[in-house]
Structures are given as C-alpha cells and as structure tokens.
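I have placed the structure first, in the form of structure tokens, so that the comments after it can refer back to it.
Only this structure's heavy atoms are used, side chains among them; waters, hydrogens and symmetry mates stay out. Everything numeric in this text was worked out from a predicted model, so none of it was measured.
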Amino acid sequence: MKGRPEPGGCAIGGKPTSGERTLRTALLLSAPGPLLTAYAALRSPSATQLADCLRRSTELVAVVAALVIYRMLRADGGTDPERKPRLERICGLLVGGAMALCGLLMLAASLLRLAQHADVSASPLGLGIAAAGLIANGVFYLRYRALSRAEGAVLRTQERLYRAKALVDLCVTLSLSCLLLAPGLALSRYADSAGSLLVACYLLYSGLTGVRSAVSFKP
C-alpha cells in the first residue's frame with residue numbers, strides 16, 4: 001500500500017522513517033570531522049591527531065555507504081530478495097578494506113613516531129573535536145541501539161560502529177588531554193603513541209572483521 005512504511009527503511013511514497021532520519025543526521029554531523037581534524041593535525045605533530053583524522057575519514061565512508069544502501073534496499077519495497085545481500089557484501093568489502101588499509105598505515109606511522117623521541121603537543125581544536133565526538137557518538141549509539149531492534153541489519157551495523165567510535169573518542173580525548181596539559185613530559189609522548197596505536201588497532205580490527213563478515217556472508 002502506498003505510504004505504508006517498510007521495516008527498516010523509508011515509507012514507500014511517504015516520509016523517511018526514524019532510521020533514515022537518524023542516518024542523515026549522523027552523516028551531517030560526521031561530514032566536517034575529517035576536515036577539522038586534518039586542520040588540527042597540521043597544527044600539531046601529534047600521532048594521535050593524525051590517526052583521529054584518518055579514522056574519521058574512513059568512518060565517514062561507512063556512514064555514507066550505510067545511508068545509500070539503506071535507501072536503495074527499501075526503494076523497491078523488497079521486491080528483489082537477491083539485491084540486499086549483494087549490496088551489503090560490496091559495502092562491507094569496500095568499507096572494511098579501506099579501514100584495514102588505513103589501520104596498517106597508521107600503525108606504521110605510530111611506531112615510527114614513537115622511535116623518533118620527539119616532543120609533541122596537542123591542538124585545543126583537536127581535543128575539542130574528540131570530546132564533542134565522544135558525546136555525539138555516545139548519543140547516536142544509544143539511538144541506533146533502540147532503532148536496530150525493529151529496523152534491520154543496516155542499523156545494527158551502525159550500532160556497532162558508533163559504539164566503537166565512542167570508545168575510540170574516549171581514548172583520543174584522554175591522550176590529547178595529556179599532551180595539552182603536559183606537552184614536555186615523557187609520559188605525554190608515550191600517551192600520544194598509545195592513543196595513536198589504539199586508533200590504528202581499532203581501524204585494523206574493524207576493517208578485517210568487516211571484510212571477513214562480507215566474504216563469509218551467506219544470504
């Protein structure tokens with residue numbers, strides 16, 4: 001029936017559901033993140049801030065892919081049962097591969113920065129972005145957790161993504177706080193390296209997990 005909402009998607013011929021509105025809002029709030037963190041990374045040699053910029057860039061790709069697939073899968077009202085697993089597999093491979101590659105590059109950069117024994121400092125802008133991200137991603141995680149119970153696999157994927165995003169933002173906030181409060185201490189330098197390594201490991205683990213799930217997925 002025209003105007004009847006499909007579970008997990010847009011109302012056919014009607015207004016977007018809560019799931020799509022949440023995805024759109026998440027995309028709008030995530031879009032400035034890579035640019036702002038790139039600016040902060042240029043102003044500071046912190047490995048954590050560079051890792052945070054790369055991490056937010058790959059996560060933005062994941063959010064865009066989720067929104068596109070969410071709309072494509074529901075546009076036809078579920079008339080093509082083979083379309084969903086095919087699109088989800090392609091999305092998982094692309095996003096997972098990008099995150100894993102970014103994690104490998106960041107892991108190498110973090111180890112190299114640790115071996116250089118150079119003093120680093122944090123940008124207040126980078127710390128502010130990380131703290132704001134912690135709050136926003138925590139709210140979106142709770143929102144996706146509530147919606148995913150009724151609105152399908154795409155939002156369950158976003159629930160896991162935003163839970164990880166909030167945890168990493170917590171690590172980045174703590175690391176950059178150490179650098180900002182005590183930039184000359186050896187402990188701060190090790191905190192910066194630890195923060196960037198945590199982000200790198202998160203990217204690598206999430207990427208490999210996504211690729212493995214996409215490869216082994218059976219409709």
Side-chain angles (χ1 to χ4, degrees), residues 5-11 15-40 48-49 51-74 87-88 91-92 94-96 98-100 102-103 106 125-177 195 198-207 209-210 213-214:
E6 290 293 323
C10 301
K15 295 181 178 180
T17 63
S18 297
E20 184 175 347
R21 289 195 298 269
T22 301
L23 282 166
R24 289 179 177 178
T25 304
L27 177 59
L28 288 175
L29 293 178
S30 299
L35 292 177
L36 293 175
T37 50
Y39 176 76
T48 299
Q49 289 189 164
D52 195 37
C53 175
L54 295 175
R55 190 260 302 190
R56 291 182 189 278
S57 299
T58 55
E59 288 174 348
L60 180 60
V61 174
V63 175
V64 171
L67 177 58
V68 171
I69 288 177
Y70 191 92
R71 291 178 60 85
M72 290 177 65
L73 290 175
R74 308 305 171 181
L87 289 176
E88 288 181 342
C91 178
L94 290 175
V95 176
M99 294 185 74
C102 184
M106 198 60 246
L125 174 62
L127 177 59
I129 294 170
L134 173 60
I135 297 172
N137 291 331
V139 171
F140 275 110
Y141 161 65
L142 295 176
R143 178 64 174 164
Y144 281 124
R145 186 175 66 173
L147 290 173
S148 64
R149 298 171 183 174
E151 296 204 21
V154 173
L155 295 189
R156 283 197 295 271
T157 300
Q158 292 299 293
E159 176 191 349
R160 293 192 295 269
L161 173 64
Y162 273 83
R163 179 177 57 197
K165 281 164 66 75
L167 291 175
V168 172
D169 275 327
L170 176 60
C171 294
V172 172
T173 300
L174 293 176
S175 176
L176 295 182
S177 296
L198 283 172
V199 176
C201 290
Y202 153 73
L203 287 170
L204 185 58
Y205 173 78
S206 298
T209 300
S213 298

From [atom1] ([X]) to [atom2] ([Y]), nearest 0.5 Å:
X    : Y    : atom1 : atom2 : value
L28  : L23  : CG    : CG    : 11.0 Å
E59  : Y202 : CD    : OH    : 3.5 Å
K165 : S206 : NZ    : OG    : 11.0 Å
L174 : D169 : CG    : CG    : 10.5 Å
M72  : L67  : CE    : CG    : 11.5 Å

- [ ] Could you tell me which residues satisfy ring pair (Phe, Tyr, Trp, His ring centres under 6.0 Å) with F140, sequence neighbours excluded, listed by chain and number?
- [x] Y162

Task: All pairs passing side chain to side chain donor-acceptor pair (under 3.5 Å) where residues 60-69 contributes a residue, at least two apart - done: none

Tell me the closest heavy-atom pair linking [X] and [Y], and the distance in Å.
X    : Y    : answer
A131 : T173 : N-OG1, 3.6 Å
Y144 : A26  : OH-CB, 3.6 Å
L127 : S177 : CD1-OG, 3.4 Å
G138 : A166 : N-CB, 4.1 Å
L161 : A62  : CD2-CB, 4.1 Å

Task: Any side-chain heavy-atom pair of R143 and Q158 under 4.5 Å - done: no

TODO: Could you check L198 against V168 for side-chain contact (heavy atoms from CB on, under 4.5 Å), going step by step and ending with a plain yes or no?
DONE: CA-CA 8 Å; L198 283 172; V168 172; over 6 Å; no

- [ ] Kindly indicate, with the supporting measurements, whether the criterion side-chain contact (heavy atoms from CB on, under 4.5 Å) is fulfilled by L60 and L27.
- [x] CA-CA 7 Å; L60 180 60; L27 177 59; 3.7 Å; yes

Task: Contacts of type side chain to side chain contact (heavy atoms under 4.5 Å, CB included), residue T37, not counting sequence neighbours - done: D52, C53, R56, I129

